[in-house]
Amino acid sequence: KNIFIKEDKITKITSQELKADEVIDAKGKIVIPGLIDPHVHFREPGATHKEDFLTGSMAAAAGGITTFLDMPNTSPPTTNMRALDEKRRLAKKSIVNYGFHFGASNDNIAEIEKAENIASVKVYMDYTTGNMKLEEYDALKKIFSCNKTVSVHAENDNVLKAIELIQNSNNALYIAHTSSNRDLHNCIKEKIKNDVFVEVAPHHLFLTKKDIDELGSYAEMKPSLKSKKDQDALWQGIHNGDVDTIATDHAPHTKEEKRESNYPFGVPGCETMLPLLLNALNKKRIELKKIVELCCENPAKIFKIKSKGFIKENFDADLTIIDLDMEKEVRNDELFTKCKWSPFDGWNLKGWPTHTIVNGNIVFQNGKINNIVAKEVDYHE
Ligand code: DOR
Ligand code: ZN
């Protein structure tokens, strides 16, 4: 089949050969929808020594990601309209498409109600980078009934608390980076009654707490790495259809920061998620259909992103071309992320993206970035 693109749209999918100004020969490769990464921390504003919208988006492009949704724990946090507008201005340099999660605080319900064209309201119920942890029950109650999708960073009892809070509203609940068997099963139980969506992160799928022995702080993130048993449960959840999305939780910190005794939590992930999954595909641990469902289709559906996530006529021309036979080692010095390290450094992976097309433009091709700016996504009501 041939996919025809005119400007930023897919105009025709046909076995016919139409004339085109530019042709990409994908023979021997596979074309999938561009990945939508619903969970990244691109650090702008406030910590651009770790990452910014240009370097983060370059890492995304190199990883086959054509759209990302940025988290609000920047500084200042994205908890009011002024901060959101400023972030919108800063993100204009991104070379892949983008959207934003809005942050919740103890007293910003009025701002939350004003915020338009956002993916969700993100509530930090457990400790992580940025001082955004929310504990006041009354504030939580108000936020969970705000008529927007609620994303939570919650572990253990806080997963149960989030589930209890969402029950009296019509909102969907999105549980970020589910990492343990217990948390996963508490979510699964609730799925029958409510719109509860489960996200898992690649580091929890490919590393366990044993890896901390060797990697030290480079394998420390929130939620932390768990046991093999927890990891198996996450994979089981993927196969059973209980896991809805895989998202990077790309959270870069510099090597210097990671070497300090009170190092910050988080690992980068944009450039390695798809190769790790394609490598797993080559090992028959996951099917391509599943990868596309969890990394492209479901993020678009859950966050109601318009015209993305599928290869369809009239949809945006956001495509990733993959080569399942390409073998390459992950190397810190070849990464586009500003932090220049990965917990997967030295891993030899089979299956890599070769081209990333955003709004009809080739922004990544055979290891090279082409700097063309992208745009903010829109959402269905
Ligand atoms: O380890 C983490 N680091 N987990 C998060 O959820 C946030 C992140 C960060 O922003 O550094
Ligand atoms: Zn995160």
Side-chain angles (χ1 to χ4, degrees), residues 36-53 55-56 59-60 65 68-79 83 87 98-104 119-134 150-156 158-159 162 174-180 183 197-207 209 211-212 215-226 245-260 262-270 272-273 299 303 337-339 341-344:
I36 299 173
D37 185 352
H39 189 156
V40 308
H41 302 265
F42 281 174
R43 307 300 190 201
E44 199 171 354
T48 51
H49 63 290
K50 301 178 200 265
E51 197 79 286
D52 60 49
F53 281 117
T55 56
I65 296 161
F68 65 83
L69 302 177
D70 189 54
M71 284 296 168
N73 64 333
T74 41
S75 103
T78 318
T79 47
K87 212 175 230 193
Y98 50 89
F100 307 100
H101 295 280
F102 198 77
S120 83
V121 177
K122 175 78 182 274
V123 185
Y124 287 90
M125 298 177 76
D126 279 292
Y127 168 79
T128 187
T129 307
N131 267 323
M132 294 184 71
K133 186 168 161 179
L134 245 179
V150 178
S151 297
V152 293
H153 179 131
E155 298 176 56
N156 304 318
N158 281 331
V159 169
Y174 184 81
I175 314 260
H177 42 47
T178 307
S179 64
S180 71
D183 287 354
F197 300 108
V198 174
E199 174 194 276
V200 299
H203 40 267
H204 294 121
L205 292 173
F206 295 98
L207 300 172
K209 59 185 176 191
D211 291 292
I212 300 171
L215 294 168
S217 61
Y218 296 102
E220 295 275 12
M221 73 296 289
K222 297 283 182 192
S224 62
L225 293 175
K226 302 292 186 314
T245 63
I246 306 177
T248 63
D249 196 11
H250 180 89
H253 298 284
T254 66
K255 289 180 194 164
E256 291 71 35
E257 290 165 336
K258 280 292 195 182
R259 280 198 288 261
E260 285 161 17
N262 60 340
Y263 55 82
F265 295 96
V267 297
C270 284
T272 45
M273 176 169 75
F303 294 105
T337 171
K338 209 181 264 187
C339 75
W341 64 269
S342 160
F344 303 104

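Note that ligands are numbered from 1 as they come in the structure, with each ligand's atoms numbered from 1 the same way. FYI, the numbering just counts along the sequence from 1.
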Taking every non-hydrogen atom, the tightest pair across [X] and [Y]:
{"X": "H101", "Y": "P72", "answer": "O-CB, 3.6 Å"}
{"X": "M71", "Y": "Y124", "answer": "CB-OH, 4.0 Å"}
{"X": "E199", "Y": "A247", "answer": "OE1-CB, 3.3 Å"}
{"X": "A251", "Y": "R43", "answer": "C-NH2, 3.3 Å"}

Test item, H253 contacting ligand 1 (heavy atom, 4.0 angstrom):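 Heavy atoms of H253 do come under 4.0 Å of ligand 1.
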Ligand 1 contact by M71, heavy-atom criterion under 4.0 angstrom: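 Not so, M71 does not reach ligand 1.
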Atoms of ligand 1, numbered as shown, that sit under 4.0 Å from any heavy atom of [X]:
{"X": "A251", "answer": "3 (N), 8 (C), 9 (C), 11 (O)"}
{"X": "M221", "answer": "1 (O)"}
{"X": "N73", "answer": "9 (C), 10 (O)"}
{"X": "H177", "answer": "6 (O)"}

Partner of F68 under ring-ring contact (aromatic ring centres under 6.0 Å, His included), chosen from F303, F100, F42: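 When ring-ring contact (aromatic ring centres under 6.0 Å, His included) is applied between F68 and each of F303, F100, F42, only F42 qualifies.
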Which residue supplies the protein heavy atom nearest to [atom], what is that atom called, and how far is it?
{"atom": "atom 1 (O) of ligand 1", "value": "K222 N, 2.7 Å"}
{"atom": "atom 3 (N) of ligand 1", "value": "F265 O, 2.9 Å"}
{"atom": "atom 7 (C) of ligand 1", "value": "T128 OG1, 3.1 Å"}
{"atom": "atom 9 (C) of ligand 1", "value": "T129 OG1, 3.1 Å"}

Contact (N/O only, under 3.5 Å) between [X] and ligand 1:
{"X": "R43", "answer": "yes"}
{"X": "G266", "answer": "yes"}
{"X": "H153", "answer": "yes"}

Polar side-chain atom of K50 near backbone of P252 as donor-acceptor pair, under 3.5 Å: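 No; zero donor-acceptor contacts below 3.5 Å.
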N, O or S of H177 under 2.8 Å from the Zn ion (ligand 2):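 No.
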Donor on one side chain, acceptor on other, T254 and E257, under 3.5 Å: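 Their side chains do contain a donor-acceptor pair, which is all the 3.5 Å distance test asks for.
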Residues K226 and S180: side-chain donor-acceptor under 3.5 angstrom: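 No, because no side-chain N or O of K226 sits under 3.5 Å from a partner of the opposite role on S180.
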With the Zn ion (ligand 2) as the apex, the NE2/NE2 angle for H39 and H41 - to 10°: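 That angle is 110°.
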Ring geometry between F53 and Y98 (parallel below 30°, tilted from 30 to 60°, perpendicular above 60°):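 Because their plane-to-plane angle lies in the 30° to 60° range, the rings of Y98 and F53 count as tilted.
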Side chain to side chain donor-acceptor pair (under 3.5 Å) partner of H153, chosen from K133, K222, H177, K122: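 Only one option passes, and that is H177.
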Which atom of D249 approaches the Zn ion (ligand 2) most closely (N/O/S):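 Relative to the Zn ion (ligand 2), the closest nitrogen, oxygen or sulfur of D249 carries the name OD1.
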